[in-house]
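Notes follow once the structure below has been shown.
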Amino acid sequence: MNVPSRVNRVLLNKVINIGKIFINPSNHVIPHWIISKADPERGIVDNFINNLHSAPTRELLLDVGAGNFRFQDYLETQGFVYESQDFDQVFDQDMRGKHTYVCDIENIPVNDGRFDVVVCTQVLEHLANPLIALQELSRILRKGGKLYLTTNFLFPIHGAPYDFFRYTNFGLEHLCHKSNFSI
């Protein structure tokens with residue numbers, strides 16, 4: 001039996017960490033305070049995620065529109081059991097097919113009430129049918145579960161051709177109310 005030695009495991013972990021730098025260098029090389037100054041929207045969303053409650057009971061969390069898994073490591077260190085969803089044409093081509101659920105946000109193939117927490121950051125503006133998507137998120141959340149949602153208001157077109165809407169707080173409240181969420 002070929003069991004890797006402790007030295008080999010340490011070297012393998014270093015290679016994996018170096019690989020992460022090449023896949024997504026801004027998450028591993030550039031200090032977060034520089035990213036926040038260069039990309040204020042990203043800084044706001046990062047701060048939002050960093051202020052989520054910890055999950056002492058290992059709550060099941062779905063990261064909707066997870067893209068390049070930007071928040072996975074942090075959320076797992078907070079105690080969440082992490083699962084991800086994105087559509088098959090996810091913007092980061094290297095991440096295609098790597099999500100727990102590769103599907104449309106309007107039809108996530110899970111039982112009703114499966115998740116304790118759903119995180120949906122900077123996704124809603126990319127959806128042609130945001131009301132249907134929010135109703136689906138309401139379906140997959142357990143009673144009393146939490147949806148953490150961010151989206152753009154004043155922001156340039158991005159992710160074309162999948163960039164459809166900008167939201168006011170009134171529009172978001174309307175969509176959430178129609179989807180049986182309370183704010």
Side-chain angles (χ1 to χ4, degrees), residues 17 20 23-87 90-92 95 98-103 105 108 110-127 130 133-155 158-159 165-169 171-177 179-183:
N17 287 334
K20 286 181 181 179
I23 291 170
N24 194 359
S26 64
N27 281 352
H28 304 283
V29 176
I30 303 169
H32 285 275
W33 66 270
I34 291 176
I35 294 170
S36 295
K37 295 289 186 194
D39 185 352
E41 179 259 349
R42 180 179 174 140
I44 290 168
V45 173
D46 285 351
N47 189 49
F48 176 78
I49 293 298
N50 290 335
N51 284 300
L52 290 182
H53 70 283
S54 60
T57 59
R58 306 269 308 145
E59 292 176 316
L60 183 58
L61 176 142
L62 180 65
D63 188 354
V64 175
N68 64 4
F69 307 97
R70 178 170 139 196
F71 304 120
Q72 181 177 5
D73 290 343
Y74 175 76
L75 292 169
E76 286 177 341
T77 63
Q78 292 303 107
F80 291 101
V81 176
Y82 181 92
E83 292 186 356
S84 64
Q85 176 278 333
D86 218 322
F87 74 138
V90 62
F91 301 138
D92 187 337
M95 300 300 127
K98 295 183 179 173
H99 296 277
T100 313
Y101 307 99
V102 178
C103 60
I105 193 173
I108 301 171
V110 299
N111 293 334
D112 295 358
R114 173 171 169 74
F115 296 97
D116 301 300
V117 176
V118 171
V119 171
C120 181
T121 61
Q122 309 309 89
V123 174
L124 215 57
E125 71 272 14
H126 298 291
L127 305 176
L134 283 171
Q135 289 170 338
E136 177 68 351
L137 299 183
S138 178
R139 179 191 72 80
I140 66 171
L141 266 171
R142 71 166 168 77
K143 187 173 178 84
K146 295 188 186 309
L147 168 66
Y148 293 96
L149 173 71
T150 67
T151 189
N152 292 316
F153 175 56
L154 298 174
F155 201 79
H158 62 288
F165 300 103
R166 298 297 180 267
Y167 296 92
T168 65
N169 59 312
L172 285 173
E173 287 175 14
H174 172 77
L175 290 171
C176 288
H177 175 74
S179 304
N180 296 317
F181 285 107
S182 59
I183 298 172

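Only a predicted model underlies this, so the values are computations on that prediction, with no experimental measurement involved.
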Got a sec, which residues hit salt bridge (charged side-chain N to carboxylate O under 4.0 Å, His left out) with Glu83, two or more places apart in sequence or on another chain?
->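 Only Arg114 meet the salt bridge (charged side-chain N to carboxylate O under 4.0 Å, His left out) criterion with Glu83.
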
If you count heavy atoms of other groups shown closer than 6.0 angstrom to CG of Asn111, is the number above 12?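 It does not: Asn111 CG has 12 such atoms or fewer within range.
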
Spatial distance of atom [atom1] ([X]) from atom [atom2] ([Y]) [nearest 0.5 Å]:
| X | Y | atom1 | atom2 | result |
| --- | --- | --- | --- | --- |
| Phe115 | Leu147 | CZ | CG | 13.0 Å |
| Phe48 | Gln122 | CZ | CD | 9.5 Å |
| Asp46 | Asn51 | CG | CG | 11.0 Å |
| Leu175 | His177 | CG | NE2 | 11.5 Å |

Margin query: Tell me the closest heavy-atom pair linking Leu127 and Phe165, and the distance in Å.
Written below: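 Smallest heavy-atom distance, with atoms named: O-CE1, 3.3 Å.
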
Give me the atom names and distance for the closest heavy-atom approach of Tyr148 to Lys146.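 Answer, listing the atom of Tyr148 first, then Lys146: OH-CD, 3.2 Å.
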
(Q) Just so I know, are the side chains of Arg70 and Val45 near enough to count as touching, which here means a heavy-atom distance under 4.5 Å? (A)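 Side chain of Arg70 against side chain of Val45, heavy atoms only: contact under 4.5 Å found.
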
Self-check item: side chain to side chain donor-acceptor pair (under 3.5 Å) partners for Ser84, two or more places apart
Solution: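 Residues passing side chain to side chain donor-acceptor pair (under 3.5 Å) with Ser84: His99.
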
Could you list the donor-acceptor pairs under 3.5 angstrom formed by side chains in residues 57-66, with sequence neighbours left out?
{"from": "Glu59", "atom 1": "OE1", "to": "His53", "atom 2": "NE2", "distance (Å)": "2.9"}
{"from": "Asp63", "atom 1": "OD2", "to": "Tyr82", "atom 2": "OH", "distance (Å)": "2.8"}

For His158, side-chain contact (heavy atoms from CB on, under 4.5 Å) partners two or more places apart |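 Expected list: Glu125, His126, Asn152, Phe155, Asp163, Arg166.
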
inquiry  = List the residues meeting side-chain contact (heavy atoms from CB on, under 4.5 Å) with Phe153, not counting sequence neighbours, and say none if there are none.
reply    =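 Listed in chain order: Thr168.
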
Enumerate, atom names and distances included, each donor-acceptor pair closer than 3.5 Å involving a side-chain atom of residues 133-141, sequence neighbours excluded.
{"from": "Glu136", "atom 1": "OE1", "to": "Arg139", "atom 2": "NE", "distance (Å)": "2.9"}
{"from": "Glu136", "atom 1": "OE2", "to": "Ile108", "atom 2": "N", "distance (Å)": "2.8"}
{"from": "Glu136", "atom 1": "OE2", "to": "Arg139", "atom 2": "NE", "distance (Å)": "3.4"}
{"from": "Glu136", "atom 1": "OE2", "to": "Arg139", "atom 2": "NH2", "distance (Å)": "2.8"}
{"from": "Ser138", "atom 1": "OG", "to": "Ser179", "atom 2": "O", "distance (Å)": "2.9"}
{"from": "Arg139", "atom 1": "NH1", "to": "Val110", "atom 2": "O", "distance (Å)": "2.9"}
{"from": "Arg139", "atom 1": "NH1", "to": "Asp112", "atom 2": "OD1", "distance (Å)": "2.6"}
{"from": "Arg139", "atom 1": "NH2", "to": "Ile108", "atom 2": "O", "distance (Å)": "2.8"}
{"from": "Arg139", "atom 1": "NH2", "to": "Val110", "atom 2": "O", "distance (Å)": "3.1"}

| message | Show, in sequence, the C-alpha distance, side-chain angles and deciding distance for Leu52 and Val119, and conclude whether the side-chain contact (heavy atoms from CB on, under 4.5 Å) test is met. | response | CA-CA 10 Å; Leu52 290 182; Val119 171; 4.1 Å; yes

